[in-house]
Asker: 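Provided herewith is a single structure, encoded as structure tokens, for subsequent inquiry.
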Amino acid sequence: MPANKNEQRRILIQGRQFHFVSYDATPANEKRGEVAVPPMWYLMNEGHRRPVMPHVPGQDPVTLERALSRWVHEHIFSQAAAGA
């Protein structure tokens, strides 16, 4: 049972909508060689999720949106420009 309710944010940047979802922490699984993962924000894209940054419950919405937007600019748009 999740400890916290998952949060969602949709942000429009340069005409594209980005969908972020928060997920609870995942404990380590030594049998599978998986390390523990803290609560995180993930970018949802075509049925896949990409880790973005730690999720801090109760974070100021304006600060959160700025951080998610900054991540998009650093990881999505800068990669697209580098590949062009």
Side-chain angles (χ1 to χ4, degrees):
M1 184 83 181
N4 297 316
K5 181 179 177 188
N6 293 9
E7 295 182 49
Q8 297 189 41
R9 294 285 185 274
R10 293 181 188 273
I11 301 173
L12 187 64
I13 303 170
Q14 295 183 12
R16 290 178 57 188
Q17 187 177 81
F18 294 89
H19 180 206
F20 298 91
V21 178
S22 69
Y23 284 88
D24 288 332
T26 305
N29 186 331
E30 292 180 21
K31 291 180 183 178
R32 293 184 178 176
E34 297 171 351
V35 297
V37 178
M40 296 280 295
W41 280 102
Y42 291 86
L43 172 64
M44 307 306 288
N45 187 18
E46 298 178 357
H48 298 280
R49 64 183 191 180
R50 182 174 175 180
V52 174
M53 64 185 207
H55 174 248
V56 179
Q59 185 174 11
D60 174 59
V62 174
T63 303
L64 173 60
E65 189 165 324
R66 282 186 195 138
L68 294 172
S69 180
R70 183 173 44 251
W71 185 91
V72 168
H73 285 284
E74 291 173 0
H75 293 91
I76 305 297
F77 292 128
S78 67
Q79 288 179 359

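Just so you know, these numbers use all the heavy atoms, side chains as well, and skip hydrogens, waters and symmetry mates.
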Asker: Can you confirm whether S22 sits close enough to N6 that some side-chain heavy atom of one is under 4.5 Å from a side-chain heavy atom of the other?
Answerer: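 Yes, at least one pair of side-chain atoms sits under 4.5 Å.
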Asker: Which residues, ordered by chain and number, are linked to L12 in its hydrophobic cluster, where ILVMFWY side chains connect at heavy-atom gaps below 4.5 Å, directly or through other members?
Answerer: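 None, because no other hydrophobic side chain comes under 4.5 Å of this residue.
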Asker: Can you find a pair of side-chain heavy atoms, one from L68 and one from M53, that are under 4.5 Å apart?
Answerer: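 Yes, at least one pair of side-chain atoms sits under 4.5 Å.
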Asker: Taking all heavy atoms of I11 and all of S69, pick out the closest pair and write down the distance.
Answerer: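 That would be CD1-N, 4.5 Å.
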Asker: Answer yes or no: does atom CD of E30 have more than 12 heavy-atom neighbours from other residues, nucleotides or ligands under 6.0 Å?
Answerer: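 Not buried by this count: 12 neighbours or fewer within 6.0 Å.
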Asker: Could you please spell out the steps behind the side chain to side chain contact (heavy atoms under 4.5 Å, CB included) verdict for F20 and H55?
Answerer: CA-CA 11 Å; F20 298 91; H55 174 248; over 6 Å; no
Asker: What orientation do H73 and F77 show, parallel under 30°, tilted 30 to 60°, or perpendicular over 60°?
Answerer: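 Answer is tilted, since the angle falls between 30° and 60°.
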Asker: For residues 40-49, run the donor-acceptor check on the side chains, cut-off 3.5 Å, and write out each pair with its distance to 0.1 Å, sequence neighbours left out.
Answerer:
none

Asker: Does the side chain to side chain contact (heavy atoms under 4.5 Å, CB included) test come out yes or no for I76 and R16, once each step is laid out?
Answerer: CA-CA 11 Å; I76 305 297; R16 290 178 57 188; 4.0 Å; yes
Asker: Should W71 and F18 be counted in the same cluster of Ile, Leu, Val, Met, Phe, Trp and Tyr side chains packed under 4.5 Å apart?
Answerer: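 Yes: a chain of side-chain contacts under 4.5 Å links W71 to F18.
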Asker: Give, for atom CD1 of I13 and atom CZ of R70, the distance between the pair rounded to the nearest 0.5 Å.
Answerer: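 I13 atom CD1 to R70 atom CZ measures 11.5 Å (nearest 0.5 Å).
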Asker: With the 4.5 Å side-chain cut-off for hydrophobic clustering, are V56 and V21 part of the same group?
Answerer: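 The answer is no; the residues belong to distinct hydrophobic clusters.
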